[in-house]
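Remarks on the structure that follows.
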Amino acid sequence: MKGELSVKNLARHFKLRQRGTLFARTKILKAVDGLTFNVAPGEMLGIVGESGSGKSTTARLLLGHIPSTSGEVTFGGEKIGAVPNLAWRRMRRRMQMIYQDPLGALDPRITVARQIEEPLVVHFPELTPDARKARVRAVMGDVGLSFHHGERFPHELSGGQRQRVIIARALVMEPELLVCDEPVSALDVSVQAQVLNVFQDIRERNSFTGVFISHDLKVVRQIADKVAVMYLGRIVEIGRPDEVLHQPLHPYSRALVSAVPRKGRPARERIILSGDPPNPVDVPSGCPFHTRCPEVRPVCRALRPELISDAGRTVACHLINDPSFAGVPVTKGEAA
Amino acid sequence: MAIEQDGLSTSTEGSVFTEKGKLQTFLQAWPPLVILALAWLALMIFIAIFAPLLTPYDFMAVDVLARLKPPAFFGGAFNHILGTDQLGRDVLSRTLTSIRVSITVAICATMISTAIGVMLGFLAAYFRGWVDQVILTIVDAQLAMPFMIIAIAVLAFLGNSLTIFVMLLGLYGWEQVTRIARGLAISANTQGYAAAAREIGASPWRIYLRHILPNISATIVVAMTLNIPGVILLESSLSFLGIGLQPPQTSLGNMVGYGRDYIQSAPWIMLMPSAIIVITTLSVSIMGDWLRDRIDPTLK
């Protein structure tokens with residue numbers, strides 16, 4: 001019943017109109033540019049990356065909330081489109097999303113119990129009201145909400161409780177695919193831990209296929225079975241969390257990991273990236289990371305590295321994929 | 001420096017907050033003008049419901065022997081407190097019946113126009129594209145043409161009956177509601193809750209009726225209250241022109257229209273309904289303004 005999530009060459013480009021000139025020119029922003037990965041049934045993929053790297057666009061593409069420019073997403077062999085017709089709506093029964101901003105995703109005029117119940121009303125009209133209520137009560141217990149919270153309106157709950165309402169609404173359908181877009185980044189650390197525990201409890205009971213997006217590496221390490229690092233709409237490294245987050249190979253992953261403070265051990269040597277991430281409208285030629293990479297070689301400016309699997313690791317970097325480049329001296333200069 | 005001095009002068013009371021009297025707080029929430037307006041509207045609705053029980057005479061009962069009797073205290077007797085008209089009909093009874101007719105027509109017509117407006121506004125917001133353009137063009141066409149002229153044309157062609165009259169007045173003001181509903185629905189659509197409902201798999205019917213409509217209803221209700229005085233005035237104008245409700249049926253405008261022939265000899269026939277039109281429309285407008293301020297959280 002559970003399916004594999006498979007993504008092939010997924011891309012989403014936004015057209016931007018430049019203002020100010022007499023003739024408006026359109027430029028293309030490549031928010032997501034050629035993603036290919038698989039998530040096995042019951043597996044949880046974590047996606048990390050800095051702001052603007054295309055994480056949230058990826059989440060919405062995976063569920064077909066926005067149409068893709070090219071490429072395709074299939075779940076359990078079924079193609080996920082983005083045309084909101086009846087078939088698309090039926091498919092929502094199997095896949096749900098958890099939002100980053102819980103207050104925005106809740107209707108301010110409806111009590112939270114009725115909002116948790118709503119997916120059941122939509123997809124299982126044959127259930128009796130009592131059966132629905134029982135299921136809502138059960139799922140609210142699972143996420144740690146008391147039943148009396150259900151009679152409240154979203155603005156009467158705290159941030160953590162609202163996020164749990166969102167999680168309960170997604171889980172009440174027992175989805176096979178759950179995409180979480182920074183579900184805990186708006187919460188303070190104690191509530192983050194509670195919500196993550198709720199996630200893991202429910203995963204143990206009812207193993208769904210998941211995609212978990214976060215910019216917090218520690219959260220991802222705790223919850224994911226596989227981690228993808230994104231930079232400017234592309235995956236630069238993907239693999240098991242203990243490899244990607246402990247012995248990262250790609251210079252960008254190394255910089256990300258070195259920025260996480262560790263307790264009890266001497267601080268790692270920080271790799272400070274110079275400069276901001278490039279404007280995604282003008283992605284640099286060659287490797288998109290070469291403008292900030294401390295290990296940049298001449299080939300990086302000319303040739304875009306592909307995501308290549310070798311010896312169990314999957315990285316998009318010339319230095320790793322072809323060790324002969326490592327002998328060439330680092331060319332600093334117009335970088336930064 | 002000025003701030004510190006201000007602080008010193010107010011600190012004599014021991015608090016930075018000045019305590020307001022209970023009366024002052026009450027008057028701020030319920031301004032006297034609003035209370036008067038609400039009381040008047042409550043009275044009008046009471047009369048509209050119970051008019052047949054309140055009228056001392058049948059509003060159509062003609063008493064030729066008692067024509068053009070002035071009101072009590074102006075030389076008239078107490079059996080006709082507000083006097084009688086040119087056919088000897090009791091002005092009080094006629095006024096009460098007219099209030100019933102006019103208020104009912106105004107409320108029914110406003111409900112029709114709100115329903116039309118919300119439906120078209122939602123259609124425009126849902127389909128966008130050419131449907132949106134067509135609806136907006138019709139709205140602009142309606143705005144460009146005085147409604148009075150359309151009303152006169154329709155009544156001249158179709159003749160007159162209470163049903164046609166209410167339906168016609170139900171076309172008054174729909175374009176305002178359409179614009180409001182369209183704009184609010186479009187902006188609600190970009191908000192998280194509508195997107196979340198869609199992504200749960202809810203049908204467009206469910207999104208628009210269960211989520212967007214309740215969230216924009218406050219503004220729609222205010223728009224409705226502001227439409228009511230317009231309908232009352234329009235009904236009065238059409239009846240005054242003689243193409244509204246036809247005698248022996250009566251309405252406020254109808255009374256004013258037929259009373260104007262006697263404005264010099266028997267002014268009470270038209271003064272009473274005129275005063276009621278003015279006070280009622282004013283009260284509804286005051287209530288609408290007050291409601292808008294109360295419902296809109298950004299104005300608090």
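Here is the naming used below: chain letters follow the sequence lines, and residue numbers restart at 1 for every chain.
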Q | Test item: A:V122 and B:S203 side chains (from C-beta on) under 4.5 Å apart, heavy atoms | A | no
Q. In terms of heavy-atom contacts, does CE of B:M111 have more than 12 from other residues, nucleotides or ligands at under 6.0 Å?
A. no
Q: Find the one option among A:R169, A:M95, A:R93 whose heavy-atom pairs under 4.5 Å with chain B are most numerous.
A: A:R169
Q.
Counting neighbours of CE on B:M167 that are heavy atoms of other residues, nucleotides or ligands and sit closer than 6.0 Å, is the number greater than 12?
A. no
Q. So which part of A:R90 gets closer than 4.5 Å to some heavy atom of chain B, the side chain, the backbone, both or neither?
A. neither
Q: Return the minimal non-hydrogen interatomic distance between B:A218 and A:R109, and the atom names on each side.
A: CB-NH2, 4.4 Å
Q.
Which one wins on heavy-atom pair count under 4.5 Å against chain B: A:G64, A:A105, A:P119?
A. A:A105
Q: Could you have a look at B:A194, B:G201, B:G192 and say which one has the most heavy-atom pairs with chain A under 4.5 angstrom?
A: B:G201
Q: Examine whether an atom of A:I110 lies under 4.5 Å from a heavy atom of chain B, and if so say whether it belongs to the side chain, the backbone or both; otherwise answer neither.
A: side chain
Q: Taking atom types as modelled, find out whether A:Q115 and B:H211 have a side-chain donor-acceptor pair closer than 3.5 angstrom.
A: no
Q. Side chain of A:H123, backbone of B:I200: donor and acceptor closer than 3.5 Å?
A. yes
Q: Before accepting this row, confirm whether a basic side-chain N of the pair A:E118/B:R210 lies closer than 4.0 Å to the acidic partner's carboxylate O.
A: no
Q) Strictly by modelled atom types, are B:E199 and A:Y99 linked by a side-chain donor-acceptor pair under 3.5 Å? A) yes
